[in-house]
Amino acid sequence: MRYLTSGESHGPQLTAIIEGLPAGLPLAEESLNEQLARRQHGYGRGDRMKIERDTAKIVSGVRWGKTMGSPVTLVIQNRDWENWLERMSPLAEHNGMAEAVTRPRPGHADLCGAMKYDHRDVRNILERSSARETAARVAVGSVARAYLKALGIEVGGVVRELGGVVARESQLPHQEQWAVAAQSELFCCDPDAEHEMKRMIDHAKSAGDTLGGVVEVQVIGLPPGLGSHVQWDRKLDGRLAGALMSIQAIKGVEIGLGFEVARRPGSKVHDEIAYDQAVLASGAMSGYVRPTNNAGGLEGGMTNGQPLIIRAAMKPIPTLYTPLQSVDIETREAYEASVERSDTCAVPAALVVAEAVVCIELVTAMQEKFGGDSLLEVQRNREQYLEHVKAF
């Protein structure tokens with residue numbers, strides 16, 4: 001599966017085109033809009049979330065609720081477009097009807113993007129580099145999530161850290177963690193930590209500052225053997241890390257123990273392997289078991305049948321209401337950076353986007369492994385492979 005997104009933050013719409021989906025996949029706009037609503041959720045969001053109520057419309061590739069095997073096109077209208085008709089107009093006659101943005105914001109793509117594309121108006125960069133683009137990726141990820149669900153794979157996640165406050169690791173099964181997180185304004189499973197996180201957000205907002213955090217994506221039901229060890233670009237851990245690092249403001253990725261592996265001896269890192277016939281008889285994919293999951297479900301660039309656990313670190317949003325210092329690219333004089341509408345904290349939204357890009361990469365890996373032009377063919381290929389795994 002591959003996809004492209006297009007559209008600007010204050011343009012008329014965001015568009016995504018998905019190619020490579022099998023025919024026969026049940027797909028409804030309601031499931032896409034459920035995830036888009038989650039993306040707009042969260043304590044610490046700004047005024048933009050009061051304006052936009054994102055909904056996705058399927059405009060190609062689906063007939064009577066099922067994919068046809070042709071490209072799927074999704075459209076998300078920007079409700080604020082009516083206030084930007086001339087400032088973001090594609091028509092040449094509207095040139096000069098908006099003041100150029102010439103003060104790049106630290107931490108954004110503004111200055112290096114303006115240099116690269118030879119723009120003297122930084123708005124030509126910030127409109128596309130904005131995290132508004134992630135709405136389209138969440139919509140695409142929702143389609144990918146539907147594919148995974150049809151093959152018995154579930155994806156969820158929690159916020160593990162925000163503003164330096166670390167939530168206690170939950171011992172609940174993953175689905176129960178997701179249910180608890182869904183009731184939290186911060187997608188957090190630790191009520192005490194959530195209370196302190198909110199206090200930190202309130203303090204940052206009053207100071208005109210912003211906060212980042214760490215999100216954790218969890219996936220259950222993955223068969224062993226997705227990805228490959230044979231070439232660098234086929235290693236699934238590398239592809240997942242790249243997908244997460246492509247999200248705006250993500251600066252680090254961990255799988256399983258992550259950086260903790262560097263602090264432990266090997267005996268406290270690697271997951272021992274055993275075989276339990278009773279586990280196989282209970283309906284598991286394989287009789288091979290690991291009492292720990294320090295590897296986070298990935299070994300040698302491949303899934304090993306354990307839950308996938310992957311975390312991403314989000315930096316504080318660089319648009320501050322107490323602006324940092326910058327330089328006007330026209331006068332070269334020092335100024336405070338320009339201020340676009342922003343959030344104090346968007347870590348909960350980052351979790352939803354992280355889930356989406358993980359779903360997308362997993363669908364690509366599933367299609368590589370099981371192929372198939374129709375969902376039924378994919379399911380048949382998967383079942384045949386699982387029979388092989390059970391007998392191994």
Side-chain angles (χ1 to χ4, degrees), residues 1-3 18-28 31 61-70 72 140-156 173-175 178 217-230 234-237 239-240 271 273-290 293 295-310 355-356 358-392:
M1 189 182 88
R2 57 180 179 168
Y3 73 102
I18 311 167
E19 199 272 333
L21 286 170
L25 174 66
L27 194 60
S31 61
V62 176
R63 186 183 188 211
W64 296 341
K66 291 187 177 181
T67 56
M68 297 185 290
S70 52
V72 173
V140 175
S142 301
V143 175
R145 188 187 292 264
Y147 174 109
L148 296 174
K149 184 178 180 180
L151 294 167
I153 298 167
E154 297 181 74
V155 181
H174 294 298
Q175 293 103 323
W178 306 339
V217 180
Q218 306 162 347
V219 187
I220 56 178
L222 290 169
L226 300 182
S228 179
H229 66 284
V230 301
R234 293 181 63 189
K235 293 176 181 286
L236 185 56
D237 44 8
R239 287 157 54 175
L240 287 166
D271 303 307
I273 303 171
Y275 189 85
D276 190 336
Q277 185 67 36
V279 170
L280 182 62
S282 70
M285 292 184 193
S286 169
Y288 293 97
V289 294
R290 294 167 173 81
N293 188 23
L298 287 162
E299 292 177 308
M302 297 168 285
T303 54
N304 63 11
Q306 294 280 88
L308 170 63
I309 308 295
I310 186 165
E355 290 178 18
V358 167
C359 286
I360 293 166
E361 288 303 316
L362 291 177
V363 167
T364 299
M366 291 285 286
Q367 281 293 90
E368 288 173 350
K369 178 62 179 169
F370 302 118
D373 296 311
S374 71
L375 180 61
L376 286 176
E377 186 178 0
V378 176
Q379 291 171 328
R380 284 198 303 268
N381 293 343
R382 172 183 173 272
E383 289 303 315
Q384 184 178 26
Y385 175 72
L386 290 182
E387 288 300 316
H388 156 74
V389 169
K390 287 179 180 179
F392 193 82

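Along the sequence shown, residues are numbered consecutively beginning with 1.
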> Residues in side chain to side chain donor-acceptor pair (under 3.5 Å) with Arg239, at least two apart?
Replying inline: Glu368

> Among all residues two or more places apart in sequence or in another chain, which pass the side chain to side chain donor-acceptor pair (under 3.5 Å) test with Glu361?
Replying inline: none

> Excluding sequence neighbours, so at least two apart, what forms side chain to side chain donor-acceptor pair (under 3.5 Å) with Glu355?
Replying inline: Arg38, Arg145

>> Determine whether a donor-acceptor pair (N or O, by modelled atom type, separation under 3.5 Å) exists between the side chain of Arg290 and the backbone of Gln306.
In response: no

> Hey, what do you get for CG (Leu386) to CD (Gln379), rounding to the nearest 0.5 Å?
Replying inline: 11.5 Å

> Among all residues two or more places apart in sequence or in another chain, which pass the side-chain contact (heavy atoms from CB on, under 4.5 Å) test with Ala356?
Replying inline: Val138

>> On a heavy-atom basis, which atom in Pro307 and which in His174 lie closest, and how many Å separate them?
In response: CB-NE2, 3.8 Å

>> Suppose we screen for salt bridge (Lys or Arg N to Asp or Glu O under 4.0 Å). Which residues come up paired with Arg2, at least two apart in sequence or across chains?
In response: Glu19

>> Going by the rule side-chain contact (heavy atoms from CB on, under 4.5 Å), which residues pair with Met1 if we only count those two or more places apart in sequence or in a different chain?
In response: Ile18, Leu21, Val140, Ala144, Ile360, Val363, Thr364

>> Can you pull out every ring-ring contact (aromatic ring centres under 6.0 Å, His included) where at least one residue sits in residues 358-386? Sequence neighbours excluded, please.
In response: Phe370-Tyr385, Tyr385-His388

>> For a quick test of reading the model, state the closest non-hydrogen atom pair linking Gln218 to Ile309 and the distance between them.
In response: CG-CD1, 3.8 Å

> Residues in side-chain contact (heavy atoms from CB on, under 4.5 Å) with Lys149, at least two apart?
Replying inline: none

> Roughly how far, to the nearest 0.5 Å, is the CG atom of Leu375 from the OG1 atom of Thr67?
Replying inline: 7.5 Å

> Any salt bridge (charged side-chain N to carboxylate O under 4.0 Å, His left out) pairs touching residues 372-381, not counting sequence neighbours?
Replying inline: none

> Asn304: what forms a side chain to side chain donor-acceptor pair (under 3.5 Å) with it, not counting sequence neighbours?
Replying inline: Glu299

> Who are the side-chain contact (heavy atoms from CB on, under 4.5 Å) partners of Gln277, not counting sequence neighbours?
Replying inline: Tyr275, Leu280

> Judged by atom type as modelled, is there a donor-acceptor pair below 3.5 Å linking the side chain of Ser286 to the main-chain atoms of Lys390?
Replying inline: no

> Rounded to the nearest 0.5 Å, what separation is found between the CD1 atom of Ile153 and the CG atom of Leu222?
Replying inline: 5.0 Å

